[in-house]
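One structure is given below, encoded as structure tokens.
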Amino acid sequence: MKQFMDENFLLDTKTAQDLFHNHAAKMPIIDYHCHLVPQMVAEDYKFNSITELWLGGDHYKWRAMRSNGVSEDYCTGKNTSDWEKFEKWAETVPYTFRNPLYHWTHLELKTAFGIDKLLSPATAREIFDECNEKLKLPEFSARGLMRHYHVECVCTTDDPVDDLRWHKMTRESGFEIKMIPAWRPDKAMNIEKPEFAAYMKTLSEVSGIDVNSFKSMVDALQKRHDFFAENGCKLSDHGIEEFYDEPYTDSQIETIFEKALRGQQLSVLEIRQYKHAFLKVCGEMDYDAGWTQQYHYGAIRDNNTLMYNKLGADTGFDSIGEFTTAAAMSHFLNELNMEGKLTRTILYTLNPCANEVIATMLGNFQDGSEPGKIQFGSGWWFNDQLDGMTRQINSLSVLGLLSRFVGMLTDSRSFLSYPRHEYFRRLLCNILGNDVENGLLPNDKESLARMVEDISYNNARRYFKFY
């Protein structure tokens with residue numbers, strides 16, 4: 001019987017162990033998509049407790065706690081203490097067997113705090129106190145944790161109206177780890193949201209351009225896009241439910257935009273036409289700036305609202321199920337490609353049933369200009385676990401070039417999430433090691449080592465052009 005989470009955790013073979021310990025483990029981390037709070041990096045934030053660091057914004061843990069019958073007071077409530085929240089999490093952890101949270105929790109305790117004990121109600125107080133004592137040390141600040149995990153670069157997720165003051169402060173402080181902004185213009189895309197008109201006023205104020213039409217909005221966004229580029233931005237990100245390819249004319253988009261500013265109800269077709277036009281414009285901006293564009297699609301958000309009811313019962317959809325089609329994705333990417341405006345692109349899906357769709361789609365738009373120009377993003381959100389990552393790796397392997405993959409990211413708000421890179425690297429090495437020992441790959445140590453180091457770090461460094 002193997003010991004739980006020993007040094008060869010997830011590594012079944014000698015080949016896998018060699019690949020991880022001698023190659024993957026030593027590579028720095030480029031975390032090219034995360035949700036860290038830039039102010040915390042700029043000010044080198046000191047955490048008050050393990051509860052703040054661990055549970056402060058972790059929706060994964062909150063979902064598990066709620067599923068375990070824990071009241072919201074102990075998740076996001078304001079009237080419970082840090083200890084009370086931590087205690088409820090400790091009560092939940094033993095029920096997370098086979099959930100990635102069980103592995104993440106103990107990897108984080110082990111790699112950050114050197115704690116090998118299993119978290120449970122019996123060990124909760126001891127672990128809580130030990131972590132809190134260590135958090136008083138300078139090396140457990142926000143920057144200290146980034147150094148501890150050998151982070152080289154992070155890309156935060158930032159709204160176009162952000163002034164990027166914290167990025168500037170971090171850069172000017174001489175902090176050796178790069179913190180780069182990433183452009184996330186979802187609020188300007190989500191024309192159906194009640195707050196859209198108010199956001200346009202904010203965009204007007206920040207850009208100095210009176211946003212009263214779609215064209216003026218594009219001008220304002222372009223000005224902000226240039227500002228982000230001046231501050232080191234190299235990539236954008238879009239959170240979309242699906243790809244859009246509804247035909248439109250410029251005059252139709254202007255009419256739709258004016259209706260939204262007046263607060264008028266839009267049809268589903270109008271919303272989709274607008275989002276198509278919006279994403280196309282963003283894609284053109286990204287190409288002109290030499291950025292990478294990312295599309296996270298398939299998430300159905302705002303589930304606890306009446307959003308879909310408010311869109312109108314005449315949506316034409318019997319349910320909100322799986323909207324995305326391969327054809328719409330292909331049409332959208334082809335539209336940019338035919339204009340010569342398709343930049344480096346990463347596609348992420350929340351639905352593993354679409355893995356083969358994406359892995360196949362990549363080959364349609366590789367143009368030979370650079371290796372892996374169109375990428376299949378790592379297992380995202382609920383696919384960020386052993387099965388989800390394995391499926392993504394297998395789909396990419398058989399339908400594309402795994403060797404050119406840009407690897408893992410945290411997609412997290414937490415400074416303790418960097419072990420997800422280790423988790424991914426161990427899994428990658430195990431897959432390759434098993435293939436070697438089963439005779440499916442040659443035991444070419446040099447090629448395998450290069451492949452592992454590339455996927456862990458080198459490919460991302462080359463691809464994003466951060467340096």
Side-chain angles (χ1 to χ4, degrees), residues 25-50 52-54 56-57 108 111-114 131 133-184 206 223-237 289-292 294 406-422 453 456-467:
K26 70 180 183 181
M27 305 307 289
I29 288 174
I30 293 179
D31 199 31
Y32 57 88
H33 176 70
C34 74
H35 296 275
L36 293 181
V37 178
Q39 183 177 355
M40 297 176 81
V41 178
E43 297 180 341
D44 197 13
Y45 188 81
K46 311 298 190 296
F47 297 93
N48 295 311
S49 73
I50 182 62
E52 181 187 20
L53 175 58
W54 233 8
E108 290 166 16
T111 59
F113 298 98
C131 288
E133 280 301 309
K134 289 184 176 178
L135 286 173
K136 295 175 183 177
L137 301 174
E139 57 265 36
F140 284 87
S141 66
R143 293 188 181 188
L145 288 167
M146 295 171 78
R147 292 185 181 106
H148 173 75
Y149 283 112
H150 200 13
V151 177
E152 186 174 284
C153 176
V154 297
C155 295
T156 56
T157 305
D158 308 283
D159 191 278
V161 301
D162 195 293
D163 62 11
L164 304 181
R165 71 174 75 176
W166 306 115
H167 295 81
K168 295 177 189 175
M169 183 183 297
T170 300
R171 186 170 61 249
E172 291 169 359
S173 74
F175 184 41
E176 70 275 15
I177 297 172
K178 286 181 175 289
M179 181 171 69
I180 298 174
W183 169 271
R184 179 77 175 245
V206 171
K223 190 171 181 179
R224 299 305 298 167
H225 201 277
D226 294 342
F227 172 75
F228 268 58
E230 291 165 5
N231 282 275
C233 185
K234 299 285 188 179
L235 70 169
S236 68
D237 182 48
W291 289 6
T292 299
Q294 301 174 91
V406 293
M408 191 56 177
L409 47 85
T410 64
D411 190 27
S412 174
R413 296 167 178 81
S414 174
F415 289 85
L416 280 186
S417 290
Y418 297 114
R420 294 183 193 178
H421 284 264
E422 176 182 335
E453 292 179 6
S456 298
Y457 168 76
N458 292 326
N459 287 346
R461 183 182 172 100
R462 289 189 289 259
Y463 185 80
F464 293 109
K465 307 183 189 306
F466 291 146
Y467 307 95

For this session: Classify the side-chain pair S412/S417 by whether it contains a donor and acceptor separated by less than 3.5 Å.
Result: yes
For this session: Return yes if some donor-acceptor pair links the side-chain N/O of K46 with the main-chain N/O of D44 below 3.5 Å, else return no.
Result: yes
For this session: Taking all non-hydrogen atoms of both residues into account, name the closest pair between A182 and C155 and its distance.
Result: CB-CB, 4.5 Å
For this session: Say whether, by atom type as modelled, one donor and one acceptor occur between the side chain of Y463 and the main chain of T292 under 3.5 angstrom.
Result: no
Problem set entry | Interatomic distance, T156 atom OG1 to R184 atom CZ [nearest 0.5 angstrom] | 12.0 Å
For this session: Please check if the distance between the ring centroids of F113 and F140 is under 6.0 Å.
Result: yes
Exercise. Atom CG in D162, atom CH2 in W183: separation rounded to 0.5 Å?
Worked result: 11.0 Å
Seminar exercise, completed: Hits for ring-ring contact (aromatic ring centres under 6.0 Å, His included) against F227, two or more places apart or cross-chain, chain-then-number order -> none
Exercise. Is the closest side-chain donor-acceptor distance between S173 and R143 under 3.5 Å?
Worked result: yes
Exercise. Can R420 and L409 be said to form a side chain to side chain contact (heavy atoms under 4.5 Å, CB included), step by step?
Worked result: CA-CA 8 Å; R420 294 183 193 178; L409 47 85; over 6 Å; no
Seminar exercise, completed: For N48 and E52, the nearest pair of non-hydrogen atoms, with its separation, is N-OE1, 2.7 Å
For this session: Could you check R461 against F466 for side chain to side chain contact (heavy atoms under 4.5 Å, CB included), going step by step and ending with a plain yes or no?
Result: CA-CA 7 Å; R461 183 182 172 100; F466 291 146; over 6 Å; no
For this session: Search all heavy atoms of C153 against all heavy atoms of I180 and return the closest pair with its distance.
Result: SG-CD1, 3.7 Å
For this session: Before accepting this row, confirm whether a basic side-chain N of the pair R147/E139 lies closer than 4.0 Å to the acidic partner's carboxylate O.
Result: no
For this session: Would you check if F47 and L145 make a side-chain contact, meaning some heavy-atom pair closer than 4.5 Å?
Result: yes
For this session: Answer with yes or no whether the side chains of Y457 and E152 bring together a donor and an acceptor at under 3.5 Å.
Result: yes
Exercise. Which atom names give the shortest non-hydrogen contact between K465 and K234, and what distance separates them?
Worked result: O-CE, 3.4 Å
Exercise. How about H150 and H148: are their ring centroids closer than 6.0 Å?
Worked result: no
For this session: Could you tell me the separation between the CE atom of M179 and the CG atom of L36, rounded to the nearest 0.5 Å?
Result: 8.5 Å
Exercise. Atom CE in M408, atom CG in D31: separation rounded to 0.5 Å?
Worked result: 9.0 Å
Problem set entry | Distance, nearest 0.5 Å, that separates CG of D163 from NZ of K168 | 6.5 Å
For this session: Kindly compute the distance separating CG (L53) from CE (M40), expressed to the nearest 0.5 Å.
Result: 8.0 Å
For this session: Could you list all the ring pair (Phe, Tyr, Trp, His ring centres under 6.0 Å) pairs where at least one residue sits in residues 152-179, not counting sequence neighbours?
Result: none
Problem set entry | Closest non-hydrogen atom pair, P160 against R224 | O-NE, 2.7 Å
Exercise. If you measure only the distance, is there a donor-acceptor pair under 3.5 Å linking the side chains of T111 and Y149?
Worked result: yes
Seminar exercise, completed: Scanning both residues in full, the closest heavy-atom pair of V154 with C34 reads CB-SG, 4.2 Å
